[in-house]
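Here's the structure we're looking at; comments come further down.
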Amino acid sequence: METKYIFVTGGVVSSLGKGIISSSLARLLLSRGFRVTIQKFDPYINIDPGTLNPYEHGECYVTADGHEADLDLGHYERFTNIHTSRANNVTTGRIYQSVIDKERRGDYLGKTVQIIPHITDEIKRNVKLLGNTGKYDFVITEIGGTVGDIESLPFLEAVRQLRWELGQNCLCVHLTYVPFIRAAKELKTKPTQHSVKQLQEVGIQPDILVLRTEQDIPMSVRKKVALFCNVSPDAVIQSIDVPTIYEVPLTMHGQHLDEIVLKKTNTPYSGEPDLTRWNEFLAKIKHASDYVKIGLVGKYVELQDAYKSINESLFQAATYNDHKLDLKYISSEKLTDGNVAEMLGDMDGIIIAPGFGQRGIEGKFVALKWCRENDMPTFGICLGMQCMVIEYARNVLGLAEANSTEMDTKTPYNVIDLMEEQKSITSMGGTMRLGAYRCRLASGSKVAKAYGTNEIMERHRHRFEFNNEFRSQFEGAGMKCVGENPETHLVEVVEVPGKKWYIGTQYHPEYSSTVLHPHPLFMDFIRAAIANRDSKK
Ligand code: GLN
């Protein structure tokens with residue numbers, strides 16, 4: 001069948017969950033046997049979010065092919081179980097860069113280069129890139145930002161043109177917000193009407209409206225929205241708050257979102273989506289009664305989205321282990337030898353978070369020393385793993401001044417050091433060691449048992465590495481290097497055997513945990529945390 005393009009735009013306010021709606025629709029179409037991919041177009045000038053502070057944009061997600069991407073791509077993968085790539089996330093910066101490169105090459109043959117048609121053509125070319133591979137029946141494109149922003153205009157113009165060109169192979173879903181005014185006890189549809197009007201002004205008539213709401217929207221109100229916005233009443237769907245984002249595919253299917261999309265795009269279909277395994281996961285969420293308590297030690301503790309993929313990986317692993325997740329953020333900046341027992345003592349397992357730079361680093365060492373000495377199941381991820389190594393060097397190897405050269409360029413014991421290939425790099429954007437690399441695990445190690453294999457591929461995002469010159473000292477003192485890159489011999493996993501669970505990974509396993517395939521290492525860590533909790537009873 002010809003590829004169908006579905007655009008998802010948002011209005012009224014940001015953070016309505018366009019990514020979750022896009023992912024849910026993808027899940028439903030996949031569960032009906034269609035081939036689907038989701039891509040995100042972000043209207044900011046940065047080439048990618050790799051250089052953005054988490055305070056600006058939450059977590060930076062990394063695709064297997066080494067692209068630093070918007071965190072919505074994490075949702076796409078968690079819901080669909082399909083790898084995304086560099087092609088799935090395009091920014092205004094990337095579009096302009098490519099147009100300017102073409103202009104410098106002389107590709108425009110003396111023409112004046114303009115937003116229309118050159119920028120919009122480049123957007124359209126990128127929108128169709130994945131569709132043109134012939135691998136997909138549906139390409140869902142989420143347009144970042146909110147309708148009405150100056151930045152979004154070229155993207156909306158490209159969508160307008162594509163709708164015209166693609167006819168029935170194209171569809172627009174617009175997500176808006178319906179606030180409930182408590183004093184008046186009324187749901188208000190005016191912001192939705194205005195936002196649809198703004199879309200219409202740029203020439204786009206939405207086919208489907210999804211209304212985010214905290215209260216049930218009665219049929220009469222939906223009909224009113226339909227009437228004002230030129231949308232059929234059955235295509236006005238509500239997205240009401242649910243206990244977990246993983247229920248959204250069901251609430252969307254309950255209102256026939258998938259069928260409406262299939263009908264409107266003239267796609268033949270029959271029967272129902274097969275959501276058996278998805279429903280099993282949801283049932284597990286509902287039926288779990290015991291909690292497993294995990295402490296996440298990091299510096300962005302006040303930010304919901306900074307450790308998004310770790311949260312979700314822990315949640316999935318806890319759910320599959322029939323437990324509810326009680327996740328507590330612990331600010332590494334506040335940890336001291338005096339309060340660490342009180343702050344961590346109550347936990348069943350500890351995660352030491354990834355990160356960059358000096359802030360909060362000493363607190364991570366305090367946490368790690370306490371965890372190691374008190375045999376707390378502990379999982380260090382990326383910077384967390386590097387901190388495990390440094391703490392071990394300082395307190396077990398007796399190298400008090402051990403450090404990473406990221407934190408102290410003059411340390412005499414550079415147990416974590418800049419990778420050789422990083423030494424000549426001066427530019428910050430997209431230059432880390434990024435994406436999936438092979439790793440060989442030592443037979444008999446806890447990690448190899450957890451994975452059930454010795455050969456794995458995991459995603460990376462870092463510049464610094466375990467310094468192999470110290471390897472024998474660490475191994476002699478009990479910290480084993482149990483995972484290494486078969487080509488470069490870079491150490492990717494350390495483990496202290498004999499402990500309940502004390503493992504650090506240089507890679508980020510959280511990027512590849514999905515609802516249908518929870519990550520084996522998070523599963524094993526949660527099992528160890530539950531066992532630790534039960535042993536205290
Ligand atoms: N700052 C460390 C490095 O660059 C770790 C990065 C991370 O935790 N993602 O190596």
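Numbers here simply count residues along the sequence, with the first being 1. One-based numbering, in listed order, for ligands and for the atoms of each.
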To which of Gly355, Ser404, Cys387 does the heavy atom nearest atom 6 (C) of ligand 1 belong?
Gly355

So the atoms of ligand 1 within less than 4.0 Å of a heavy atom of Pro354 turn out to be 8 (O)

Would you call Asp524 and Lys446 a salt bridge, taking side-chain N to carboxylate O under 4.0 Å as the test?
no

Would you mind listing which atoms of ligand 1 come within a distance below 4.0 Å of any non-hydrogen atom of Phe464?
3 (C), 4 (O), 10 (O)

Pull out every atom of ligand 1 sitting under 4.0 Å from any heavy atom of Arg461, numbered as shown with elements.
6 (C), 7 (C), 9 (N)

Could you tell me whether Asp241 and Arg212 have a side-chain N and a carboxylate O separated by less than 4.0 Å?
yes

If you count the non-hydrogen atoms of other residues, nucleotides and ligands that lie under 6.0 Å from NZ in Lys334, is the total more than 12?
no

Under 3.5 Å: N/O of Glu406 near N/O of ligand 1
yes

Stepwise, does the side-chain contact (heavy atoms from CB on, under 4.5 Å) test hold for Ser332 with Lys364?
CA-CA 6 Å; Ser332 50; Lys364 286 186 173 168; 4.0 Å; yes

Cys382 heavy atoms, cut-off 4.0 Å: which ligand 1 atoms fall inside?
5 (C), 6 (C), 7 (C), 8 (O), 9 (N)

Contact region, Gln386 to ligand 1, non-hydrogen atoms below 4.0 Å, reads side chain

Which segment of His508 sits under 4.0 Å of ligand 1 when only heavy atoms are counted
side chain

Within the 6.0 Å centroid threshold, strictly below: Phe138 and Tyr5
no

Is the distance between the ring centroids of Tyr246 and Phe79 less than 6.0 Å?
yes

Looking at Arg463, which atoms of ligand 1 are within less than 4.0 Å of one of its heavy atoms?
3 (C), 4 (O), 10 (O)

